[in-house]
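Structure first, then comments.
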Amino acid sequence: MRFASVIVDVKAMQTDRAFDYLIPEKWTGFIKPGMRVIVPFGPRKVQGFVIGIKNESEFDRVKPIAEVMDITPALTKELLDIGHWLTQTTLCFKISAFQAMLPAAMKARYEKEIVLVSDEYRPNLHPKVLPWFQSRRSVYWKDIEKSDSVKEFQMEIERGVLEVIYQVKQKNKKKTQKYITSNAEIAELKKESESGSAQAAKQKLILDYFINNSGISVPLQELLLHLNITDSPVKTLIKKKLLREENVEIYRDPYEDRTFKKTEPLALTAEQQTAISPILNSVEQNRHDVFLMYGVTGSGKTEVYLQSIESVLNQGKEAIVLVPEISLTPQMVNRFKGRFGSLVAVLHSGLSVGEKYDEWRKIHRGEVKLVVGARSAVFAPFTNLGMIIIDEEHEGSYKQEENPRYHARDVAIYRAKFHQCPVVLGSATPSLESFARAGKEVYQLISLKERVNQRPLPQVEVIDMRDELRSGNRTMFSSSLLEKLQDRIAKKEQSVLFLNKRGYSSFVMCRDCGCVTGCPHCEISLTYHKHGSQLKCHYCGHEEPMPKVCSECSSEHIRFFGTGTQRVEEELAKVLPEARIIRMDVDTTGRKGSHEKLLTQFGNKEADILLGTQMIAKGLDFPDVTLVGVLTADTMLHLPDFRSSEKTFQLLTQVSGRAGRHELPGEVVIQSYSPEHYSIQLASHHDYDSFYQQEMLTRKQHAYPPFYYLALVTVSHPDLLKAVSVTEKIAKHLNQRLSDTVKILGPVASPIPRINDRYRYQCMIKYKREENLHASLKMIIERYQQDMNKNQLSISIDLNPNTMM
DNA sequence: TCGCTCGCTGGA
DNA sequence: CCAGCGAGCGAT
């Protein structure tokens, strides 16, 4: 007798452990750890992951596994181990960790089906139930649920006439295509072709096709197109057993109708050469090293990645490249596809669930050797990894903001240790954590200080918008920026205008009483969307029409504040009527592929100005862009977040890097209301090193990373007092259990104190080394488990949070 | 006394 | 997470 330990797909504390199941005789030896199975769990059936096989079980009533969902394990041994490690380091459920490592398509869908036990019962079904079973034997419960016959169904189920079947379904479908082949000897086909009646002209056509192309297997669609016929004659021939159809599985290829120009390795500059050699060394000697490649924008980091990968592939190993959000940088995909062609799989959020699944399977089957993708691609199921590259290592999107709250950088290093291979972290503005580690020689620092084409970094002008206002300029464009924009249009060069994320939409304020329209469910102001003249809450989705008068004082003097891309576009059209503008933001890039389309348009010089938010900050490389304008550099600076200076510096540096990458020199204009701030000043001088020094001082002073680790406990509850009191208890508990070197701050209200009618309180833990921390936090979750189930309480724990929000 | 809602609990 | 069950309460 063999048993499988299974982690079931039920998110609860009590089920966050393995359950034993009997492996039926027919599957012994076949079922392996890492496979997905369907098991009976209580009265229903659920999906689960086999994590181990054993010869006995301590339980006496062990049920057998009902179904196997994989032919080869979905999770490798290594990934199973990573799952366990994730549950410990991020305090999540095991099932969440496993699911996070697989494409969404492999998550189970549960459906309840109501089946008529026997056709004999049909005549005497309850009249309200009968119509559902007129022509079929089963109905989905989710369809019945909405109807008014729920009760009658229940009665029939109790009577034993109807039966409930719990279905576990795969979300995805493997995409298949119908292929047609001849199913008979050519002689037979000929005979049929000649004997065919005059009416069967089309059949004759098809038969002749298969006679002339003997043995061919052709996609049905192609056949129909080629012979200009419908499928009816084909069907007839299949019925006559002269042809045969078969379903062949095909991959959805998101890059199907695209050709990638094959590129050859470029000659490396002396500096790149020096940079790449320790990496190649490490690859050759199968050593686990972490490199921090600190290279200014335009210094040719990507070419170093490409050539490092080449050496890994030559060794017969695989590589993973992480990029912040790949759909945003089609140019990046092109470079990898161009160099490595069909050896590349691409995984990013712009793909459909099915497309992601297909890309994942290519990796799983070993059909590709290189993955380029966003955060979750770090879990690519390779078995012989030779390198992991994380581009723009400082990016916040590498941290998952929901369970499991992992950081891709940590996972990458963990995997690389296992595979004894290097990790390369690349950035023009490394995170303080990473740069500090490089300083302590935990990481090896590699510097690229020159741009490949010897172009100087662009000139940056910082403009004090308060002065502009004083001198009577009330528009959002400083006179200098406007002048330069006009100049570029005259010279037929291009400009990029950048607006910070938070400034993307505007809030509404009454000019008489100063009250700002807020969300009724959240402690946050509503943002104005021109489309439909609606006010929206970005946190809970609440929407309301734009008010005509102030709700407080009935004044009609209400107007928008802050600047959105839509408004900038309008204003721009007023001051520069001749400019052709492309706007890129959530509204214009919502649909699939629209992002790329807009960028291609800009690349083809169909516009003079590209106006956008965050999403245009990264990786764009257009030769004719010679001016970059940042409209409001400080929107992000004053957020209640210890990383706000760092983020501002990174963003400004990043954006500035978009200008003058090729022959034409570039210029940058940064508009700000606090131009004296060090992150703006130092970004304007391209001075990362001074910024690092300065920011480290601040972090040390306030005991923030990288000097301390953080853990953030956020408690939320509809009742303010409950939220406060629970947070207080937690803080007290932690104070008792943890050592005195730990600093516990709080309880304090979260930066957004209420979301969706739930009050949020938090408690921050700053620590250096704390053996007890994980255990203590786990105790808290267990202690409040009941409250969380029944009393709307929720506690989230974020180890190494990226932001405080 | 029936029937429904609520909260609790087990799940291998 | 969720089906199934028992407790408890209001309607008949």
Side-chain angles (χ1 to χ4, degrees), chain A residues 1-25 27-28 31 33 35-69 83 87 91-100 102 104 106-115 126 128 140-142 144-145 148-160 162-169 171 402-404 717-719 722 781-796:
Chain A
M1 293 282 246
R2 309 218 92 200
F3 300 90
S5 302
V6 175
I7 301 289
V8 292
D9 181 15
V10 176
K11 280 180 197 90
M13 198 93 271
Q14 305 98 293
T15 56
D16 194 35
R17 59 200 148 103
F19 285 72
D20 288 353
Y21 286 89
L22 186 71
I23 300 179
E25 194 59 41
W27 288 332
T28 43
I31 289 188
M35 281 187 176
R36 293 170 307 147
V37 290
I38 295 172
V39 291
F41 195 68
R44 58 203 169 119
K45 278 182 183 155
V46 298
Q47 195 184 71
F49 288 88
V50 177
I51 56 164
I53 310 284
K54 49 190 187 178
N55 288 323
E56 47 206 274
S57 169
E58 340 154 19
F59 296 89
D60 23 296
R61 290 179 296 110
V62 184
K63 294 180 187 171
I65 289 173
E67 266 174 74
V68 191
M69 301 185 83
T87 55
L91 299 175
C92 67
F93 295 127
K94 293 200 174 75
I95 188 70
S96 314
F98 292 148
Q99 280 170 352
L102 294 174
M106 294 176 79
K107 224 169 119 178
R109 232 185 48 211
Y110 299 101
E111 221 138 18
K112 261 194 315 191
E113 213 177 355
I114 311 296
V115 183
H126 188 281
K128 277 183 93 170
Y140 284 118
W141 179 250
K142 67 173 197 293
I144 301 164
E145 231 170 6
D148 59 345
S149 322
V150 175
K151 204 174 264 154
E152 288 73 16
F153 269 93
Q154 247 163 18
M155 272 166 46
E156 297 297 70
I157 290 165
E158 254 160 62
R159 204 154 68 91
L162 298 179
E163 191 185 7
V164 187
I165 293 182
Y166 296 92
Q167 298 250 21
V168 184
K169 293 201 165 169
K171 254 191 194 148
E402 61 199 56
N403 276 331
H717 195 275
D719 179 9
K722 177 80 180 169
I781 303 178
E782 273 160 34
R783 156 74 180 74
Y784 287 100
Q785 182 64 34
Q786 287 175 349
D787 258 7
M788 284 162 73
N789 286 344
K790 60 177 179 203
N791 290 332
Q792 307 218 43
L793 180 75
S794 106
I795 300 176
S796 90

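Protein chains get the first letters and strands the later ones, always in sequence-line order, with residue 1 at the start of each.
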Do Pro40(A) and Tyr21(A) come close enough that some side-chain heavy atom pair is under 4.5 Å?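 They are in side-chain contact.
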Can you see if the side chain of Lys112(A) gets near the phosphate of dC2(C) - specifically, an N or O under 4.0 Å from OP1 or OP2?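 Checking dC2(C) against Lys112(A), no side-chain N or O comes under 4.0 Å of OP1 or OP2.
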Think Arg44(A) has a side-chain N or O under 4.0 angstrom from the OP1 or OP2 of dC1(C)?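 For dC1(C), neither OP1 nor OP2 has a side-chain N or O of Arg44(A) closer than 4.0 Å.
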Is a side-chain donor or acceptor of Glu156(A) paired with a backbone partner of His126(A) at a separation under 3.5 angstrom?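 A pair under 3.5 Å: yes.
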Ignoring hydrogens and geometry, is there a side-chain-to-backbone donor-acceptor pair from Ser57(A) to Asp20(A) under 3.5 Å?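 Absent.
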Please report the distance, rounded to the nearest Å, between [atom1] in [X] and [atom2] in [N].
{"X": "Tyr166(A)", "N": "dA3(C)", "atom1": "OH", "atom2": "C1'", "answer": "6 Å"}
{"X": "Phe59(A)", "N": "dG11(B)", "atom1": "CZ", "atom2": "C1'", "answer": "10 Å"}
{"X": "Glu152(A)", "N": "dG3(B)", "atom1": "CD", "atom2": "C1'", "answer": "15 Å"}
{"X": "Lys151(A)", "N": "dC4(B)", "atom1": "NZ", "atom2": "P", "answer": "5 Å"}

Minimum-distance nucleotide (side-chain atoms of Pro43(A) versus dG4(C), dA12(B), dC1(C)):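 Nucleotide nearest to Pro43(A)'s side chain: dG4(C).
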Of the listed nucleotides dC4(B), dC1(C), dA12(B), the one nearest the side chain of Phe19(A):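 Of the options given, the side chain of Phe19(A) lies nearest dA12(B).
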How would you label the contact of Lys11(A) with the nucleic acid (heavy atoms, under 4.0 Å): base, sugar-phosphate, or nothing?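 It contacts base atoms.
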So what does Val62(A) hit on the nucleic acid, given a heavy-atom distance under 4.0 Å: a base, only sugar-phosphate, or nothing?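 Answer is sugar-phosphate: Val62(A) comes under 4.0 Å of backbone atoms only.
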For Asp9(A) and Gln99(A), test the side chains for any donor-to-acceptor distance below 3.5 angstrom and give the result as yes or no.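 There is such a pair between these side chains.
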